[in-house]
**Student:** 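So that we are looking at the same thing, I have put the structure below in structure tokens.
Residue numbers begin at 1 in each chain, while the letters A, B, ... track the order of the sequences.
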Amino acid sequence: MIKKSKIFEVYETQLGRRNILLTKNLVKGVSVYGERLFNQDGEEYREWVSNKSKLAAAILKGCPNTGIRKDDVVLYLGAASGTTASHVSDIVGENGFVFALDFAPRVVRDLVFVCEKRKNMAPLLEDANNPESYKDKISKEVDIVYQDVAQKNQAQIFLKNCDMFLKKEGYALLALKARSVDVSAKPSVIFKKVREEISKKLIIIDERKLEPFEMDHCMFVCKKK
Amino acid sequence: MADKKFIDFYKKNLEETKRKIKASVTDDLLIVQIINNIDDLNKIINILAKDLREWYSYYNPEFSKEIQDHARFVELILSGKDKKIKQSMGAELSKEDLKPIFNLAKKIKDVFEFRDEQEICLEKMMKKVMPNATAVAGSVIGARLLQHAGSLKRLIMLPSSTVQLLGAEKALFRHIKSGSKCPKYGVLHEHPLIMKANRKDHGKIARALADKISIAARVDYFKGKFIGDELIKGLEERFG
């Protein structure tokens with residue numbers, strides 16, 4: 001039995017003992033990364049695999065609000081092959097739009113195939129560190145910024161992009177990988193540092209550690225002042 | 001889609017991204033693919049040769065024990081020089097039983113030949129793309145360095161101390177995390193200059209070699225003159 005979850009446009013169901021998340025499939029009959037499809041009342045749902053997607057992991061860990069709603073325009077930094085990005089594109093629906101950005105040509109090659117099927121997703125082969133280079137290629141203001149890049153200066157990239165593109169009172173989500181900031185330091189120390197850095201410019205609404213789905217990761221949900 | 005603006009974004013970005021991906025394929029990426037392929041072929045050869053020895057040993061265990069080198073072992077079996085000694089403890093197998101064993105040996109020989117072909121291809125490409133670095137490091141080590149760095153552009157942007165330790169990441173991070181001994185070299189270990197030298201000079205040579213490889217790779221990237229022979233000559237005078 002598939003029913004609505006607390007998060008907008010995200011559904012959940014019981015499968016055996018486990019709770020799994022689902023989103024309504026925008027492109028009928030197509031599975032993006034080998035996930036299972038479910039049918040109910042003429043609607044098709046895609047399983048949102050929490051081991052592969054940090055956003056799903058954060059929701060399962062009890063994140064009360066991701067801020068992503070129907071018809072939103074999302075700037076997705078670090079889209080990779082489009083695993084999480086495809087679910088975000090499910091959530092925003094036909095009238096929303098996702099700008100999926102990644103730096104490595106190899107993964108963008110897979111992303112292009114996903115985008116060709118989804119008309120509300122555009123691939124960009126750009127460096128998130130350098131927002132000037134793609135500011136003409138995306139809309140002036142976006143409702144959501146989602147970032148999942150494994151770079152040393154993740155927090156600075158995040159703030160730069162929020163500064164340039166995020167609308168007032170828009171939500172920003174940061175999936176922080178402590179190990180790519182510093183391999184030898186303790187994750188909790190890094191989380192603290194980043195928290196201080198972000199809270200200067202944004203209001204932090206929620207902070208979730210993603211264990212056991214991802215080690216040493218933390219999801220920050222913020223709002224622009 | 002309701003908004004016409006987004007259709008424009010969609011079309012333009014999709015087109016531009018496709019164009020960029022097309023332009024992103026360079027010769028150094030092809031080299032990385034070839035060296036990956038050679039590594040895999042080596043793995044396959046090892047697995048198959050182990051199978052062959054296990055199987056063949058029922059028939060002639062003494063011969064399998066005597067010849068340790070896989071390539072020579074396969075060669076001798078196929079040319080029929082695998083004579084059984086009189087007091088052999090191997091079983092007498094009929095021709096029909098031996099047939100699949102020989103077929104396997106034939107296939108392994110094919111893989112050996114295929115690997116050598118790929119190595120020749122690699123050397124040709126390395127000489128074309130990175131003539132200086134190939135002169136200093138050799139084609140296989142040069143390609144390994146590329147493999148670890150990802151691309152030529154990233155390799156030339158690395159400091160030479162990092163080049164020295166490429167391929168020793170596990171030991172390096174163990175050193176950083178828990179303070180064990182720092183590694184002296186990664187893939188450079190296989191270089192003839194280091195192989196020949198005294199144990200105590202290994203670190204010194206690896207450092208000097210990494211310097212010269214860095215210089216050579218940078219010259220290659222910017223398509224400069226050929227200075228590889230000078231660089232290797234200097235090293236040989238110092239350490240040879």
**Student:** Less than 4.5 Å to any heavy atom of chain A: does that hold for the side chain of K18(B), its backbone, both, or neither?
**Tutor:**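 For K18(B), the side chain is the part near chain A, not the backbone.
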**Student:** Which region of D136(A), side chain (C-beta onward) or backbone (N, CA, C, O), has a non-hydrogen atom less than 4.5 Å from a non-hydrogen atom of chain B, or is it both or neither?
**Tutor:**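 The answer is the backbone of D136(A).
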**Student:** Among K12(B), R19(B), K20(B), whose salt bridge (charged side-chain N to carboxylate O under 4.0 Å, His left out) with E16(B) holds?
**Tutor:**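 Single pass found, and it is K20(B).
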**Student:** Just checking Y45(A): does its OH atom have more than 12 heavy atoms from other residues, nucleotides or ligands closer to it than 6.0 angstrom?
**Tutor:**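 Atom OH in Y45(A) is packed in, count exceeds 12.
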**Student:** Check the surroundings of atom NZ in K137(A): do more than 12 heavy atoms from other residues, nucleotides or ligands lie under 6.0 Å from it?
**Tutor:**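 Yes - once you tally the heavy atoms of other residues, nucleotides and ligands closer than 6.0 Å, there are more than 12.
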**Student:** Tell me whether K193(A) at atom NZ has more than 12 heavy atoms from other residues, nucleotides or ligands lying less than 6.0 Å away.
**Tutor:**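 Check fails, neighbour count at 12 or below.
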**Student:** Picking from Y146(A), F97(A), F99(A), F165(A), what satisfies ring pair (Phe, Tyr, Trp, His ring centres under 6.0 Å) with Y76(A)?
**Tutor:**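 With Y76(A) as partner, Y146(A), F97(A), F99(A), F165(A) yield a single ring pair (Phe, Tyr, Trp, His ring centres under 6.0 Å), made by Y146(A).
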**Student:** Among C115(A), S184(A), P123(A), A122(A), which has the most heavy-atom pairs under 4.5 Å with chain B?
**Tutor:**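 Looking at each option in turn, the highest pair count goes to P123(A).
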**Student:** Given that the side chain runs from C-beta out, which part of I138(A) has a heavy atom under 4.5 Å from chain B: side chain, backbone, both or neither?
**Tutor:**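 When you check distances to chain B, only backbone atoms of I138(A) fall under 4.5 Å.
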**Student:** Please flag which part of E116(A) lies under 4.5 Å from any non-hydrogen atom of chain B: side chain, backbone, both or neither.
**Tutor:**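 Backbone plus side chain of E116(A), per the 4.5 Å heavy-atom cut-off to chain B.
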